[in-house]
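Below is one structure; the comments refer to it alone.
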Amino acid sequence: MSFLQSARKKRTNGSITGVHMIVTCYERSIRPGGNWRDRNAKCLDTDETVMYGSLWSNIPKEMSEYHDYTFDNHFKGAAPSFLSRQDMLEYMLARNSRNGALDYVNYGHSVTDVTYNHSNGKFNVTVVVDSTGEIKHATYDRCVWAGGVNSIPVKPTELVDVLAEFEGQVLHSCEVDDASFPSYVANKNIMIVGDNASAEDLALLSVKNGANHVYVQSRSGMGAASLTSAWPNGRITVTKGPPYKCIRGNTFKCQPVYWSEKRRKYRRDDDEEAVRIREIATVILATGYQPCQDFLSEDLRFDYRGKWDIPKGWKMVNNSLTKDIGDVKPSDVINAKHVAYPDIYKGLLIKNPKMMFLLERPASDFGILDLDIAACIISNFLLGVTPIPKEKEMVKANNKFLEASMNIPLLRASVDSAYAAEIVELGHDHWTKDYLDERTIALVEDLCAFKVHELARNLSECKYPLNLGKPGKLNAAGKSVLEMLDLVRNFRSSIKEGSNVTFRDCSKFSSLFTGTQASDFPSLWIDIPTTMKTVKF
């Protein structure tokens with residue numbers, strides 16, 4: 001949607017005068033909205049990864065706002081920082097459907113095959129009209145993949161094997177449905193495997209729906225749920241250690257794991273005590289997704305795992321952890337997907353830049369703002385506003401960025417299993433395990449600063465109408481973004497035991513575009529009924 005709006009706006013503003021560009025968009029669903037759209041009982045095959053109706057955003061709206069259609073424009077005044085799925089969907093549709101940008105989308109069309117003809121430099125595309133079965137063929141000069149990275153649910157084999165002995169209900173997060181979910185969780189013990197955004201939201205939704213207790217099992221101990229200091233009514237427990245055995249059909253043995261560089265897999269840590277979690281009725285897999293590229297020929301796909309060969313001789317600069325873990329040799333395999341996709345440069349497939357991918361940055365904190373920036377970058381390439389670099393230049397730029405990210409301890413830990421293992425070995429009493437320790441806070445601040453400086457760079461390079469300053473020298477707006485990231489972390493980690501406050505009750509964020517401060521909910525967020533899909537302001 002963002003790309004179509006970007007292209008239409010530039011045409012309306014006359015910024016592409018002299019450039020003849022015809023955009024054909026195919027969409028498998030019968031309506032816009034991507035994973036945010038409403039689930040349709042008549043189209044379940046195309047809605048298999050659509051968000052459940054009761055989902056709420058985990059990102060403050062002030063960090064995910066359109067420059068040309070603010071939340072003030074949409075709500076006609078102040079609104080809470082954390083919005084429901086329905087509110088976010090309506091906001092995105094209202095902005096991106098302006099000027100007829102979505103009027104000519106080919107809905108109900110499934111792309112089944114895309115190949116590239118090296119002889120004439122064209123893409124051959126095969127499409128099926130879902131309502132009739134008609135098969136169409138077309139040829140294009142450029143191809144933009146905008147299918148989203150959350151397309152195919154990941155169900156790790158080792159977990160599926162463990163759950164074979166489980167007698168209760170098993171759901172992937174994408175299979176949660178408002179109609180049946182209450183019956184799966186009310187007055188029951190729930191286990192959620194995974195500890196990031198989906199796990200956090202589903203744990204809170206389970207409490208809202210009357211769960212007796214929710215156990216969130218984390219592998220890394222670094223997700224959003226693991227950073228939260230207290231939960232409503234004390235009914236959520238986050239434990240490090242995924243399940244490895246099911247006994248008596250409803251009890252799980254869980255134990256922390258470590259990465260074995262030699263075996264290239266996670267193994268149970270026998271130095272850590274296993275725990276039993278009993279009488280579980282429902283298990284929810286918040287284990288992520290992968291993009292669907294099946295219809296692209298193999299030479300047009302990107303490596304979503306982000307495998308990167310680190311340059312020989314690379315050495316990490318000294319930091320606050322160097323004294324404790326020394327100079328750690330990088331893992332033989334760097335999975336950079338949490339930082340960048342090495343074979344994509346600013347949306348361009350490096351080996352064939354006529355093939356483009358509209359993606360938000362991995363582990364983005366800026367949601368639809370990131371996608372809007374990506375849309376601007378790609379449209380600039382397509383329109384000749386920004387020249388496409390040579391292959392060597394793109395590879396060099398990506399390597400430079402990835403090497404810089406490897407010098408940020410928390411980023412390196414997310415992509416380099418050898419480095420992460422050394423941090424784990426520091427033990428439970430090390431200062432890195434205390435999220436309120438000044439040294440830990442400094443590590444998080446370094447990570448946030450890196451992200452905001454990179455955001456500022458991308459905004460500047462594509463001439464997006466939001467100025468955060470220059471990389472290395474943020475202006476007042478850039479510093480405000482840093483403060484918002486810091487506020488999100490501080491609020492989560494400072495919730496008091498016995499309180500029913502959640503991170504969504506924070507209302508200290510202000511719009512970068514209008515300066516409007518967020519309003520409060522009419523009650524604590526946990527007390528808002530699940531039947532309320534949108535908050536009227």
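The structure displayed is predicted, hence computed values, not measured ones.
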If I take atom [atom1] from residue [X] and atom [atom2] from residue [Y], how far apart are they, to the nearest 0.5 angstrom?
X: Lys451; Y: Leu411; atom1: NZ; atom2: CG; value: 6.5 Å
X: Leu204; Y: Ile526; atom1: CG; atom2: CD1; value: 5.5 Å
X: His172; Y: Ser198; atom1: NE2; atom2: OG; value: 8.0 Å
X: Glu167; Y: Ile280; atom1: CD; atom2: CD1; value: 13.5 Å
X: Ser320; Y: Arg439; atom1: OG; atom2: CZ; value: 8.5 Å
X: Thr237; Y: Asn189; atom1: OG1; atom2: CG; value: 10.0 Å

Flag side-chain contact, heavy atom, 4.5 Å: [X] against [Y]:
X: Phe75; Y: Thr516; result: no
X: Phe181; Y: Asn209; result: yes
X: Asn212; Y: Lys188; result: no
X: Glu445; Y: Asp486; result: yes
X: Pro232; Y: Lys208; result: no
X: Ile495; Y: Trp231; result: no
X: Trp525; Y: Ile528; result: yes
X: Asn319; Y: Ile408; result: no

According to the interplanar angle, ranging from 0 to 90°, do the rings of Phe513 and His67 count as parallel (below 30°), tilted (30 to 60°) or perpendicular (above 60°)? tilted
Parallel, tilted or perpendicular for His213 and Tyr215, by the 30°/60° rule? tilted
For the pair [X] (side chain) and [Y] (backbone), establish whether a donor and an acceptor sit closer than 3.5 Å, ignoring hydrogens and angles.
X: Thr440; Y: Leu436; result: no
X: Gln255; Y: Glu272; result: yes
X: Glu65; Y: Phe71; result: yes
X: Asn318; Y: Thr322; result: no
X: Asn398; Y: Val395; result: no
X: Arg85; Y: Trp36; result: yes
X: Lys61; Y: Phe509; result: no
X: Asp269; Y: Tyr258; result: no
X: Thr251; Y: Arg278; result: no
X: Arg219; Y: Val257; result: no

Applying side-chain contact (heavy atoms from CB on, under 4.5 Å) to Met406 and Tyr419, what does each step give before you reach the verdict? CA-CA 10 Å; Met406 287 278 284; Tyr419 191 74; over 6 Å; no
Side-chain donor/acceptor pairs under 3.5 Å, residues 454-461, sequence neighbours excluded:
{"from": "Glu454", "atom 1": "OE1", "to": "Arg457", "atom 2": "NE", "distance (Å)": "3.3"}
{"from": "Asn458", "atom 1": "OD1", "to": "Lys346", "atom 2": "NZ", "distance (Å)": "3.1"}
{"from": "Glu461", "atom 1": "OE1", "to": "Lys346", "atom 2": "NZ", "distance (Å)": "3.1"}

Which of Phe521, Phe503, Phe491 passes ring pair (Phe, Tyr, Trp, His ring centres under 6.0 Å) with Phe82? It is Phe503
Pair [X]-[Y], side-chain donor/acceptor within less than 3.5 Å:
X: Tyr464; Y: Asp372; result: yes
X: Ser226; Y: Tyr435; result: no
X: Gln517; Y: Ser507; result: no

Applying the side-chain hydrogen bond (donor to acceptor under 3.5 Å, both in side chains) criterion to Trp308, which one of Asn335, Asn399, Asp416 satisfies it? Asn399
Run through Asp195, Asn196, Thr239 and flag the one making a side-chain hydrogen bond (donor to acceptor under 3.5 Å, both in side chains) with Ser218. Asp195
Less than 4.0 Å between a side-chain N and a carboxylate O, is that true for Arg504 and Asp201? yes
Taking the six-membered ring for Trp, are Phe357 and Phe302 closer than 6.0 Å centroid to centroid? yes
Aromatic ring proximity His74/Tyr66, centre distance under 6.0 Å: no
For the pair Leu163 and Leu285, evaluate side-chain contact (heavy atoms from CB on, under 4.5 Å) and give the outcome as yes or no after the intermediate values. CA-CA 11 Å; Leu163 293 170; Leu285 302 181; 4.0 Å; yes
State, to 0.1 Å, how close [X] and [Y] come at their nearest heavy-atom pair, and which atoms those are.
X: Tyr52; Y: Val176; result: CB-O, 3.4 Å
X: Met191; Y: Pro243; result: SD-CG, 4.0 Å
X: Asp370; Y: Ser364; result: OD2-OG, 2.6 Å
X: Ala418; Y: Pro330; result: CB-C, 4.3 Å
X: Ser81; Y: Cys506; result: CB-O, 4.0 Å
X: Ala199; Y: Gly194; result: CB-O, 3.1 Å

Tell me whether the count of non-hydrogen atoms from other residues, nucleotides or ligands lying under 6.0 Å of [atom1] in [X] goes above 12.
X: Lys245; atom1: NZ; answer: no
X: Glu165; atom1: CD; answer: no
X: Glu279; atom1: CD; answer: no

Please lay out, stage by stage, how Glu422 and Leu321 fare under the test side-chain contact (heavy atoms from CB on, under 4.5 Å). CA-CA 10 Å; Glu422 290 296 329; Leu321 282 172; over 6 Å; no
Apply side-chain contact (heavy atoms from CB on, under 4.5 Å) to the pair Ile277 and Cys254, showing each step before the final yes or no. CA-CA 8 Å; Ile277 299 179; Cys254 303; 4.0 Å; yes
